[in-house]
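I have placed the structure first, in the form of structure tokens, so that the comments after it can refer back to it.
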Amino acid sequence: MKQIEGGITAVSGVRAAGVHAGIKAAEAKDVALIVTDVPATAAGVFTKNSVTAAPVIVCREHLSDGRAQAVIVNSGNANACTGEVGMANARRMAAATAEQLGIDANLVCVSSTGVIGQQLPMDKIENGIQAAAGVLSTEGGSDAAEAIMTTDTHPKSVAVEIEIGGTQVRIGGIAKGSGMIAPNMATMLSYLTTDAKINAETLQAALNRVVDDTYNLLTVDTDRSTNDTVLILATGCADNAEIVKPDGEDYEAFCDGLLFVCTELVKMLARDGEGATKLVEVVVKRARNRDDAEKAARAVAESPLVKTAVFANDANWGRIMMAIGKSGAEFDPYQVDVCLADYQLVKAGMDARYDEDKATGLFAQDPVRITIDLRAGDAEITMWTCDYSYDYIRINADYRT
């Protein structure tokens, strides 16, 4: 596996663009368009929030046959809680994109991100779609990554080249998200591309598997967005033998590449959490089962007291023990070990007589890795989060004002 430049447009058969349409202030890019040269095999996962944005509903409908050729995305407005007008506008985005590209509207997936409860400025959106279609490029992946951002401080993009059956295959991805992040499909959006030959059912199985081990183990602030979307388009331009079922060496190689791309994007998302100063990795080992491992890891990763202690470089391990204790996981508290990096803070549920200055120094590093050994079974999981700083309050207090 080799990491390469180019993100989503490192993949053959993919063009992209990102333009400023005036939805957001200043000259920030706010409309992104991703297009494959021919209809692609496609799969997606979406938010489980029952308050579901209009574009998510349209996107699900258009993916029902496992095919797509374009993704149109706007930032600055979520088109959520917007009723029948919002649904009509989401369909209008797909139709306007299809018209510009000369394709069927059912081949267009739609996403929106930004403020909830406001109607889309469709004149600006349609002008943005036209402008984006006019500058589509095999170099446009970085512009698309920039155009999907909201409170993100920088674009997020990654690509790899892997070998499947002796053939080189590429996988690329972009993502956005900084706050309102606790996916469960899955405000978080991610778009992935590959030139692998793979059928729709197998592509969906691979995406479901990888999402469970990446995006669904990401949390910034416990709030699940109304718009969470992860899409993957497979152009089939590579020369690999088609992957037709979710098993075997070729399938595993593809999943490994997809897992790498999504893991790197998740780390970028967590590190860029609103007001964050550090990436935090929470590892739970030897849990009774995966469910208990996730419960314990999530309780620590989402604890405001743990996250503020990390920001303060405070080795207050009692907050970690408190969090796993409230998680619902089954374990003996007097069997638990807790390490910061490889340095032990807790031994058998009690103070490991650590050096406070050394622990403070380790908490000041980035990333911060907290490892919790429950000694209750064989399950292990890693979750990604960030610290809470003073800026988290400022950013969210000022979000609309």
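Just the heavy atoms: all of them, side chains too, but no hydrogens, waters or symmetry mates, feed the values below.
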Open item on the list: In the structure I gave you, are the side-chain heavy atoms of T214 and F260 within less than 4.5 Å of one another anywhere?
Closed with: no
Open item on the list: Nearest 0.5 Å, please: how far is OG1 in T202 from NZ in K245?
Closed with: 9.5 Å
Open item on the list: Per the ring-ring contact (aromatic ring centres under 6.0 Å, His included) rule, what does the pair list look like for residues 265-290, sequence neighbours excluded?
Closed with: none
TODO: Kindly say whether S142 contributes a backbone atom to a donor-acceptor pair with the side chain of S157 at under 3.5 angstrom?
DONE: no
Task: Check: T219 main-chain N/O paired with T385 side-chain donor or acceptor under 3.5 Å - done: yes
Open item on the list: Given 3.5 Å as the limit, does a donor-acceptor pair link the side chain of T113 with the main chain of A78, or not?
Closed with: no
Task: Of all pairs that satisfy side-chain hydrogen bond (donor to acceptor under 3.5 Å, both in side chains), the ones with a partner from residues 251-262, not counting sequence neighbours - done: R209-E252
TODO: Evaluate the side-chain proximity of H20 to D30: yes if any heavy-atom separation is below 4.5 Å, no if none is.
DONE: yes
Open item on the list: Holding to salt bridge (charged side-chain N to carboxylate O under 4.0 Å, His left out), I want the full list of residues that pass it with E61, two or more places apart in sequence or in another chain.
Closed with: R91
Open item on the list: With no hydrogens and no angle check, just 3.5 Å: does a side-chain donor-acceptor pair link S75 and K176?
Closed with: no
Task: Results of ring-ring contact (aromatic ring centres under 6.0 Å, His included) for F311 - residues two or more places apart only - done: Y390
Task: Under 3.5 Å donor-acceptor, T97 side chain and M93 backbone - done: yes
Sequence neighbours excluded and cut-off under 3.5 Å, please list the side-chain donor-acceptor pairs for residues 319-333, or say none.
from, atom 1, to, atom 2, distance (Å)
R319, NH1, L305, O, 2.7
R319, NH1, T308, OG1, 3.4
S327, OG, I324, O, 2.7
S327, OG, A329, N, 3.1
D332, OD1, Y334, N, 2.9

Open item on the list: Exactly one of I198, I162, D250, V169 should register a side-chain contact (heavy atoms from CB on, under 4.5 Å) with N240. Which one does?
Closed with: V169
Task: Check: V230 and L192 side chains under 4.5 Å, non-hydrogen atoms - done: yes
Task: Interatomic spacing from CZ in R353 to CG in L345 - rounded to 0.5 Å - done: 14.5 Å
TODO: Could you check if a side-chain atom of I57 sits within less than 4.5 angstrom of a side-chain atom of F46, using non-hydrogen atoms only?
DONE: no
Please tabulate, one pair per line, all N/O donor-acceptor pairs under 3.5 Å involving side-chain atoms of residues 275-284, not counting sequence neighbours.
from, atom 1, to, atom 2, distance (Å)
T277, OG1, D387, OD2, 2.3
K278, NZ, V310, O, 2.5
K278, NZ, N313, OD1, 2.4
K278, NZ, F363, O, 2.8
E281, OE1, R369, NH1, 2.9
E281, OE2, W384, NE1, 3.4

Open item on the list: With heavy-atom distances below 4.5 Å as the criterion, would you say the side chains of T9 and S137 are in contact?
Closed with: no
Task: Ion pair D337/R286, N-O distance below 4.0 Å - done: no
- [ ] Could you tell me whether E380 and K285 make a salt bridge, using a distance below 4.0 angstrom between a side-chain N and a carboxylate O?
- [x] no
Task: Pairwise distance CG(L258) to CD1(I232) - rounded to 0.5 angstrom - done: 5.0 Å
Task: Euclidean distance, L218 CG relative to L269 CG, rounded to 0.5 Å - done: 5.5 Å
Open item on the list: Side chains of T235 and D195 only: does a donor on one sit below 3.5 Å from an acceptor on the other?
Closed with: no
